[in-house]
Amino acid sequence: MVAVMLGTLMQMIDSSIVNVAIPTMMGNLGVTLSQISWVTTGYILANVVVLPMTGWLSSVFGRRRYLAGSMALFTVASVACGASHSLGMLVFFRIVQGIGGAALMSTAQATLMEIFPPQQIAAVQAVFGIGIMLGPSIGPTLGGWITDNFSWPWIFYINLPIGAIAVVMTLLFMHDSRHERGRGSGIDWAGILFLAVGLGCLQTLLEKGTSEDWFESTLITRLAVGAALGLILFVYWELRARHPVVNLRILRHRSFTAGNVFGLVLGFGLFGGIFILPVYLQNLRHYTAMQSGLILLPSAVAAALGMPLAARAIRYVSPRVLTAMGLAGALGATWMLSTITLDMPSRDLFTPLVIRGLALGFMMLPLTLATLADLRGHEIAEGTALFNLSRQLGGSIGIAALSTFLDHRIRQHYVMMNEHVSLFNAATRYRLNLYEYYFRLEGAAASVAHLRALEVIRLTIMGQAMILSYEDIFRVMVLVFLVSAPLLLLFRKGKLNMSRPGPARE
C-alpha cells in the first residue's frame, strides 16, 4: 500500500505543481504563453490516452512489472524534464511522463481493490483517496515555495527519491494479479489507434478551445471532427473485438455506468473548483501562488478527514445515501462561495472551503466503491481505468467550460455596467472629480490626473464585472450538481457487504 501510495501522490502533486512555475519557465526558455502551455497539455494528453488502456497493459505485462516500469518511466522522465534546455525537449519528456503517470492511479487503485480482504477495502480506499485529494492542493503551495527559493527544474527533481523508493518497494512487495490474460491474447492495434485519435483530439480541443475561440477556429473544428470520428469508430470496434484494448462490455453493470457519469460531475466540481478558486485569489485578490495554496489547504485537510469518516459509515449506510449527503454538502458550500466579494477577508473563505472538502471526501469513497462493487476479476482493473478516465475528462470539460463562461460573463457584465457610467451621471462626475483631486495633490498635471482618474474608474468597473462573473461560475456549478442528483437513483439499494467475498451487496 505504501508503494502504490507513493506513486499516486507523486503523480497527483505533479499534475498541479508545474502550473505555478509556468511564468518562470517562459522567461528561462524564451517562449510565449501559448507555446509553454504545451508543457501541461502534452502531459494531460498522454495521460488521458493511456489511462483507459492501463487495465489491458497491466494484464499483458503483469501488474508488478507494469506498475514498477511506469513508476520508473515517470521518475526518469521527471529528471529529464528538469534537465531540459529547450521547449521541445521539455514537452517531449512531459509526454513521456504522462505515459508513465497513467498507471500510478488507476492500476494502483485496482491493485488495492484486489489484494486486500473485503472488510478492509473501505479503509484502504479511504487512505488512498487522501492522496488523491491532497495532491492537487499541495502541488501549487509546494511548487510556489520551490520556484521562489530554488529554481523551476527542482519541481521535477524532487520526484527522483520518491520514485526510486516506490519502484524498489513495488518490486519487493507486490505480486502479479491472478486475473491476467497473458501475452497470447493479441494486441488490438486498431482499438489503440482509434482511442488515441478520439481522446487525443478531444483533450486537445478542451485544452485549446478557449484560447482559439472555439469553433471560430479551423483547428478546433477539425479536432472536433477527429474526436467524433475516432470515438465512434473506437466504440464500434471495441464492442466487436475479441480481445479489446478497453473492455466496454463492463458498462452493462448499471451501477458502474451511473458511477462513471457521476464521475464526470465529480471531476467537474473537484477540478473546476481547484481551477476557479486560485484564479480568483491571484487575479482579484493579488495573492501569490503559495498564499493561494495555503488558503486552499484547509479544504484538502477536511477532505482527508472526511475519507475515514465515510469508511466507517459505509459499513452501516448505503453508499447511495452517503454520496447524496456529500453532494448536499458540496451544493451548500458552492452556494456559499457564490457570495464572494472583492473585499471578503480570507478567513471568511475558511468555512465554505472546509465544508466543500468534507463533502468531496465523503462523496468520493462511497462513489468509488459503489461504482466498482459489481466488477469481478480482470474487470476491476478495466473498470478502475474507465472510472478514473471519467473523472479526468470531467475535470478537463469543467476547466474548459468554466474558463469560457468566465470570459463571456466578464465581457457581458462589463458592458452592462459601463452603460450606467457617464459624465451625465452625478455619481460618476463626483467620483471622477475626487480621483482627479487626489492625483493633482500627488503632483500630477490636470490632463494626467484626468486620465488616471478615468483609468481608476475603468479598473473599478472591471473588478466588479469579474467578481460578478465568479459568482455566476459558482451558481453554474450548483446547477450542475443539482442536475446530476437523479443519477443516484441508478445505484443499487442497500449497504455494501464488507465482510465476505462474493456478491458485493446485501
Side-chain angles (χ1 to χ4, degrees), residues 19 136 140 205-216 220 262 264-287 292 295-296 299 326-357 359-360 363 393-421 457-487:
N19 297 334
L205 181 152
L206 293 172
E207 290 286 319
K208 297 295 182 182
T210 302
S211 60
E212 297 287 337
D213 201 18
W214 291 102
F215 292 99
E216 298 296 324
I220 297 300
F262 204 90
L264 285 169
V265 177
L266 182 62
F268 185 98
L270 176 61
F271 293 102
I274 292 174
F275 163 73
I276 286 297
L277 286 169
V279 173
Y280 159 74
L281 291 170
Q282 294 178 45
N283 288 358
L284 285 183
R285 307 301 300 276
H286 306 295
Y287 290 127
S292 300
I295 291 174
L296 298 176
S299 178
L327 182 62
L331 271 169
T334 307
W335 183 258
M336 292 170 68
L337 289 171
S338 69
T339 61
I340 57 175
T341 63
L342 278 172
D343 54 356
M344 174 184 284
S346 58
R347 64 177 179 273
D348 289 350
L349 293 172
F350 180 82
T351 299
L353 288 178
V354 168
I355 295 174
R356 178 179 176 275
L360 290 174
M363 185 163 47
L393 287 178
S396 298
I397 293 170
I399 292 173
L402 293 178
S403 60
T404 301
F405 182 75
L406 181 64
D407 291 341
H408 171 73
R409 293 299 291 170
I410 288 174
R411 289 194 297 268
Q412 194 172 42
H413 282 301
Y414 182 83
V415 170
M416 290 175 62
M417 287 190 291
N418 203 41
E419 291 176 352
H420 299 282
V421 178
I457 291 177
R458 188 191 70 81
L459 292 176
T460 302
I461 298 171
M462 178 58 71
Q464 292 301 319
M466 292 177 71
I467 198 65
L468 288 173
S469 301
Y470 283 108
E471 292 176 356
D472 292 340
I473 285 284
F474 288 112
R475 293 189 184 105
V476 167
M477 293 174 69
V478 168
L479 181 61
V480 170
F481 283 136
L482 279 174
V483 171
S484 68
L487 289 171

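From a predicted model like this one, the values you see are computed outputs, not experimental measurements.
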Using 0.5 Å steps for rounding, measure from the CE atom of Met477 to the OG1 atom of Thr334. 5.0 Å

OG-CG distance between Ser469 and Leu402, expressed to the nearest 0.5 angstrom: 12.0 Å

Here the gap from Ser299 atom OG to Leu349 atom CG, rounded to the nearest 0.5 Å, amounts to 11.0 Å

Which value, rounded to the nearest 0.5 Å, describes the distance between Leu206 atom CG and Thr404 atom OG1? 9.5 Å

Stepwise side-chain contact (heavy atoms from CB on, under 4.5 Å) check, Thr339 with Glu471: CA-CA 6 Å; Thr339 61; Glu471 292 176 356; 5.7 Å; no

When you look at Met336 and Thr351, which way does the side-chain contact (heavy atoms from CB on, under 4.5 Å) test go after all the steps? CA-CA 9 Å; Met336 292 170 68; Thr351 299; 4.0 Å; yes

Please lay out, stage by stage, how Ile461 and Gln464 fare under the test side-chain contact (heavy atoms from CB on, under 4.5 Å). CA-CA 5 Å; Ile461 298 171; Gln464 292 301 319; 5.9 Å; no

What distance do Met344 atom CE and Leu337 atom CG have between them, rounded to the nearest 0.5 Å? 8.0 Å

Does a side-chain heavy-atom distance below 4.5 Å link Arg475 with Tyr470? no

Can you tell me which residue among His408, Arg409, Gln412 is in a side-chain contact (heavy atoms from CB on, under 4.5 Å) with Asp472? Arg409

When rounded to the nearest 0.5 Å, the distance separating CZ of Phe350 from CD1 of Ile355 is 10.0 Å

So, for Ala330 and Ala359, which heavy atoms are closest and what is the spacing to 0.1 Å? N-CB, 3.3 Å

Tightest non-hydrogen contact, residues Trp214 and Ile220, listed as O-CB, 3.2 Å

Take Met363 and Phe262, measure what side-chain contact (heavy atoms from CB on, under 4.5 Å) needs, and give me the verdict at the end. CA-CA 11 Å; Met363 185 163 47; Phe262 204 90; 3.8 Å; yes

Report, as yes or no, whether the 6.0 Å neighbourhood of atom CH2 on Trp335 holds more than 12 heavy atoms from other residues, nucleotides or ligands. no

